Amino acid sequence: MKIVKAEAFNIHFMSNMVRDGEGHAHPGKEHDAKTGFFRITCDDGTTGCAVGGNMNVDILKNVVSPAIIGEDPFFHERIWQRMRTWQRLNSTFTDRTLCALDLALWDICGKKCGQPVYKLLGGYRDKVPAYGSIMVGDDLKGGLDTPQAYADFAVKLLKKGYKGIKLHTWMPPVIPEPDPKKDVAACAAVREAVGPDIELMLDPYHDYTRQEAYYLAKELEKLNFLWMEEPMDEHSMSSYKWLTEQVDLPICGPETMEGKNRTRAEWITAGASDIGRAGSEVTGGITSLMKSVHLYESFGMSIELHGNTIGNLHVLGAMGIAGKYYERGLLHPMIDYDKPKPWFTEIYDPMDKDGFVHIPNEPGLGLKWNMDYIEDNKDK
Ligand code: LLH
Ligand code: MG
């Protein structure tokens, strides 16, 4: 089996999400937007696809596609390793871009074997509990503008079946200065509204000082939070080691740090977090994420996966260690999360009334494409 074609292009769509000055997403005015799409075709007609995730379409078109023509997609690890080494001299060849290649390859392997990807990886479970991951705070009436707005929304999420909830609180430029006291007010309001038995997590401003992060952790201990993630710049591993040593609250990380499984190894041996973190998009795909999962398992640590990605869902289905949750979101009172994006006919992570997301069981990644929409709306 050989790869004969690889295509990357943008798909246009109408979006009601806007990015603020620091890149955080919020609801906003509908506008024309675009997202990347990558498709590999093999000599027997099998295709594998990936969409979105901030992939770099130019790199996929000009670097990846020519390099993989003629390769056997089942020599997946070899292709992934070779493309990984290309990243060294090309800063725009991101892990998110490597992830698009990796997902498309796993999709092909699954389709060809007639098995969902999580079973090819070594199936462990076919459903995972989801936590509701609430979007970064804003100043929108009817949105996430006050601690009470978080509390009201959290109660709505419980009614949908979520058993755990994570808050992303306010960050500049929505507020002029980061404000840990305001974060604690939102966390306390949510705890009060949902009662003592719901698991809660906080993902605050990502650039607090050690003292601010320490203050937050001590307050969250009183509110019985399950973990806190990314309260400081993750490039300072020593700050995380310092925080993890000071507080009882479990610290989860690193989330966005580059370096894939090797960075995770450094954090583990430094004792820089209590719970591990990685994700298929931020660490270069399923292939790399499985390396991190096995690494954490070897050190007796759990890992919570970052983001609502199809790659994470399949890895969660193949994880024999905790990793308890699938991060479902980002959720917001003014956004219908369950509405499929126009390039899909169905969402891949519907949640049942008990708060579980079932791992897609169709061969490959199990994504339900609307190829007519994609062909009609691609870059001309
Ligand atoms: O900063 C943001 O907009 C969010 O924190 C975002 O990155 C989100 O994906 C996250 O961190 N989830 O855990
Ligand atoms: Mg996070």
Side-chain angles (χ1 to χ4, degrees), residues 15 17-28 35 52-55 94-96 99 128 130-140 143-144 150 157 162 164-175 178-180 182-183 186-187 199-208 213 216-217 220 225-235 240 243 249-258 263-264 267 272-283 289 292 302-313 315-316 323-332 335 337 349 357:
S15 170
M17 297 301 296
V18 293
R19 299 261 164 200
D20 66 30
E22 289 196 4
H24 309 291
H26 307 282
T35 195
N54 281 326
M55 64 176 77
T94 57
D95 284 340
R96 290 173 177 275
C99 174
V128 276
Y131 68 82
S133 186
I134 302 182
M135 202 173 278
V136 172
D138 51 52
D139 52 8
L140 302 168
L144 297 167
Y150 276 87
L157 295 180
Y162 291 103
I165 291 171
K166 189 168 87 188
L167 295 82
H168 291 90
T169 38
W170 298 273
M171 310 183 188
V174 166
I175 51 173
D179 185 352
K182 201 170 171 189
D183 296 338
C187 293
E199 297 196 312
L200 295 177
M201 297 72 99
L202 174 67
D203 189 346
Y205 181 54
H206 310 299
D207 217 7
Y208 278 129
L216 275 175
L220 296 190
F225 267 51
L226 190 62
W227 78 68
M228 175 166 70
E229 69 194 48
E230 217 182 346
M232 301 174 288
D233 185 336
E234 290 181 339
H235 289 92
Y240 278 87
L243 182 65
L249 179 81
I251 303 299
C252 180
E255 177 179 293
T256 50
M257 262 305 286
E258 56 272 27
T263 306
R264 273 74 200 163
W267 276 55
S273 68
D274 302 287
I275 302 172
R277 194 149 176 87
S280 61
E281 278 177 3
V282 281
T283 55
L289 182 52
S292 292
S302 61
I303 166 176
E304 292 293 337
L305 305 193
H306 168 243
N308 57 337
T309 65
I310 185 68
N312 284 359
L313 261 189
V315 170
L316 280 162
K324 184 165 183 185
Y325 282 117
Y326 172 68
E327 178 172 9
R328 195 161 189 270
L330 303 170
L331 308 176
H332 189 282
I335 298 285
Y337 180 83
D349 61 352
V357 172

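Count residues from 1 along the sequence. Atoms within a ligand are numbered from 1 in the order they appear, just like the ligands themselves. Source: prediction; values computed, not measured.
- Residues Ser273 and Gly253 share a closest heavy-atom pair of OG-O, 2.9 Å.
- Taking all atoms of both residues into account, the shortest heavy-atom contact from Val136 to Leu144 is O-CD1, 4.1 Å.
- Distance check for Glu230 against the Mg ion (ligand 2): none of its N/O/S atoms falls below 2.8 Å.
- If you number the atoms of ligand 1 from 1 as listed, the ones under 4.0 Å from a heavy atom of Arg277 come out as 13 (O).
- Within ligand 1, counting atoms from 1 as listed, the ones closer than 4.0 Å to a heavy atom of Val136 are 2 (C), 3 (O).
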Legend entry - Test side chain to side chain donor-acceptor pair (under 3.5 Å) applied to His168 and Glu229, step by step: CA-CA 10 Å; His168 291 90; Glu229 69 194 48; 4.7 Å; no
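- Distances between N or O atoms of Glu230 and those of ligand 1 include no value under 3.5 Å.
- Contact between Arg264 and Ala278 at its shortest, heavy atoms only, is NE-CB, 3.8 Å.
- Taking 4.0 Å as the cut-off, His26 does not count as a neighbour of ligand 1 on heavy-atom distance.
- Within the 4.0 Å heavy-atom shell around ligand 1 one does not find Glu22.
- Smallest separation of non-hydrogen atoms from Tyr208 and Ala213: CB-N, 4.3 Å.
- Among protein heavy atoms, atom 11 (O) of ligand 1 sits closest to Glu255 OE2, 2.7 Å.
- In summary, Glu255 places an N/O/S atom under 2.8 Å from the Mg ion (ligand 2), meeting the contact criterion.
- Protein heavy atom in closest approach to atom 10 (C) of ligand 1: His168 NE2, 3.1 Å.
- Across Cys187 and Leu202, no two heavy atoms sit closer than the pair SG-CD1, 3.8 Å.
- Note: an N/O pair closer than 3.5 Å links Glu229 and ligand 1 by distance alone.
- Restricting Asp203 to its N, O or S atoms, the one at the least distance from the Mg ion (ligand 2) is OD2.
- By the 30° and 60° cut-offs, the orientation of the rings of Tyr325 relative to Tyr131 is perpendicular.
- Between Pro172 and His24, the shortest heavy-atom distance links the atoms O-CD2, 4.3 Å.
- Of the protein's heavy atoms, His306 NE2, 3.0 Å lies nearest to atom 9 (O) of ligand 1.
- The Mg ion (ligand 2) sits nearest to atom OE2 when only the N, O or S atoms of Glu229 are considered.
- Counting heavy atoms under 4.0 Å from ligand 1, residue Met201 does not touch it at all.
- In this pair, Tyr240 and Trp267 present their aromatic rings tilted. The plane angle is within the 30 to 60° band.
- Protein heavy atom nearest atom 3 (O) of ligand 1, with residue, atom name and distance: His24 ND1, 2.9 Å.
- Taking the side chain as every heavy atom from C-beta outward, Pro204 and Leu216 approach each other to under 4.5 Å.
- Looking only at heavy atoms of the protein, atom 12 (N) of ligand 1 is closest to Glu327 OE2, 2.9 Å.
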